[in-house]
Amino acid sequence: MRYEDRIELTDNLSAKRLFELMAEKESNLSVAADLSDPNELVKLVENVGDEICLLKTHIDIVTDFTPELIDTLVDLKEKHKFMIFEDRKFADIGNTVKLQYSQGIYKIVDWADITNAHSVPGPGIIEGLREVGLDKGRGLLLLAEMSPEGNLAKGEYTKTSVQWAEEYDDFVIGFIGMKRLSDDPKFITMTPGVKLGGGGDGLRQQYNTPEKAIMDGSDVIIVGRGIYQADNQKQAAKDYRTAGWNAYLQREQ
Ligand code: 5BU
């Protein structure tokens with residue numbers, strides 16, 4: 001189904017907005033902005049902002065973090081029209097993740113439209129995050145699968161994650177997965193480990209091409225080093241955007 005036809009299938013505000021944005025902007029590209037220098041991070045976002053539907057952050061890798069950085073990212077989000085996904089990978093009991101999501105230095109729930117969690121602690125992790133995120137219209141992705149070689153997110157673990165998404169579908173908007181994991185089109189699958197040419201990175205990351213990810217039923221391709229290490233970040237983002245969008249058009253034909 002086309003992204004715009006999926007808007008009405010979900011009640012979650014972040015999922016609706018993302019489908020809307022993807023259709024409007026004709027982009028299913030997310031950039032993984034894994035830069036520690038805040039100035040380089042902002043420069044990257046300025047370069048790629050027009051090409052992406054979603055900015056993926058790891059806010060805890062930023063050296064000399066200040067709350068003003070968040071203000072800058074939110075200003076850029078409004079200017080270039082994208083959403084923000086903090087790839088926090090929560091992994092603790094419900095009560096602790098609730099605090100990690102809303103308190104501390106980062107106060108992730110205040111600015112990240114989307115975040116994600118491991119399923120390993122059980123459904124309490126979803127319930128804890130949901131208590132602070134749902135009223136703010138936030139969305140959660142479950143890590144049903146992961147990209148690196150040798151990871152344990154497979155089989156029953158993946159299946160149970162999909163069941164929990166169905167059970168908590170007001171807050172869980174989809175999955176990190178290497179392929180489509182549910183037949184229900186309200187769920188969004190996002191795929192990391194994407195690089196033109198494929199390959200790996202020496203630390204067991206495994207890359208698929210944008211075409212392979214989208215043809216396997218993913219909705220959003222997540223690209224880090226393929227874009228931020230390019231000599232021309234803007235052009236690289238355009239290339240990935242075109243590759244991802246053309247694969248989607250071909251899939252939906
Ligand atoms: P890369 O530079 O394109 O390899 O970056 C991939 C990004 O996606 C990086 O931020 C990872 O933390 C993130 N990632 C991943 O690579 N694999 C996974 O299974 C998950 C996240 Br979940």
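Counting starts at 1 for both ligands and their atoms, following the listed order.
Asp75 has no carboxylate O lying under 4.0 Å from a charged side-chain N of Lys77, or vice versa, which leaves the two without a salt bridge. Taking the charged nitrogens against the carboxylate oxygens, Lys43 and Glu40 have no contact shorter than 4.0 Å, which rules out a salt bridge. Salt-bridge check for Asp169 with Lys186: passed, with a basic side-chain N closer than 4.0 Å to an acidic carboxylate O.
A parallel orientation is assigned to the rings of Tyr3 and Tyr248, their planes being inclined by less than 30° (bins at 30° and 60°).
In the displayed structure, Lys79 atom NZ is contacted under 6.0 Å by at most 12 heavy atoms of other residues, nucleotides or ligands. More than 12 heavy atoms of other residues, nucleotides or ligands lie within 6.0 Å of CZ in Arg251, so this atom counts as buried by the packing criterion. Residue-environment remark: NZ (Lys25) exceeds the threshold of 12 foreign heavy atoms within 6.0 Å.
A donor-acceptor pair is defined here as one N or O able to donate and one able to accept, closer than 3.5 Å; no such pair exists between the side chain of Arg225 and the backbone of Lys195.
For the pair Gly224 and ligand 1, the shortest N or O to N or O distance falls below 3.5 Å.
Of the protein's non-hydrogen atoms, Pro192 CB, 3.6 Å is the one closest to atom 14 (N) of ligand 1. From the protein, the heavy atom lying nearest to atom 21 (C) of ligand 1 is Lys89 NZ, 3.4 Å. For atom 16 (O) of ligand 1, the closest non-hydrogen atom on the protein side is Gln205 NE2, 2.8 Å. Ranking the protein heavy atoms by distance from atom 22 (Br) of ligand 1 puts Leu143 CD2, 2.8 Å first. Summary of contacts: the protein heavy atom closest to atom 12 (O) of ligand 1 is His58 NE2, 2.8 Å. In terms of protein heavy atoms, atom 19 (O) of ligand 1 is closest to Ser147 N, 2.9 Å. Ranking protein heavy atoms by distance to atom 9 (C) of ligand 1, first place goes to Asp34 OD2, 3.2 Å. In terms of protein heavy atoms, atom 1 (P) of ligand 1 is closest to Tyr207 OH, 3.5 Å.
Close approach to Ile176 involves these atoms of ligand 1, each under 4.0 Å from a residue heavy atom: 22 (Br). Short contacts between ligand 1 and Arg225, defined as distances under 4.0 Å to a heavy atom of the residue, involve ligand atoms 1 (P), 2 (O), 3 (O), 4 (O).
Under 4.0 Å from ligand 1, the heavy atoms of Asp87 that appear belong solely to its side chain.
Distance check, rounded to the nearest 0.5 Å: CG of Leu18 to CG of Asp219 gives 8.5 Å.
Heavy-atom separations between Lys56 and ligand 1 include at least one value shorter than 4.0 Å.
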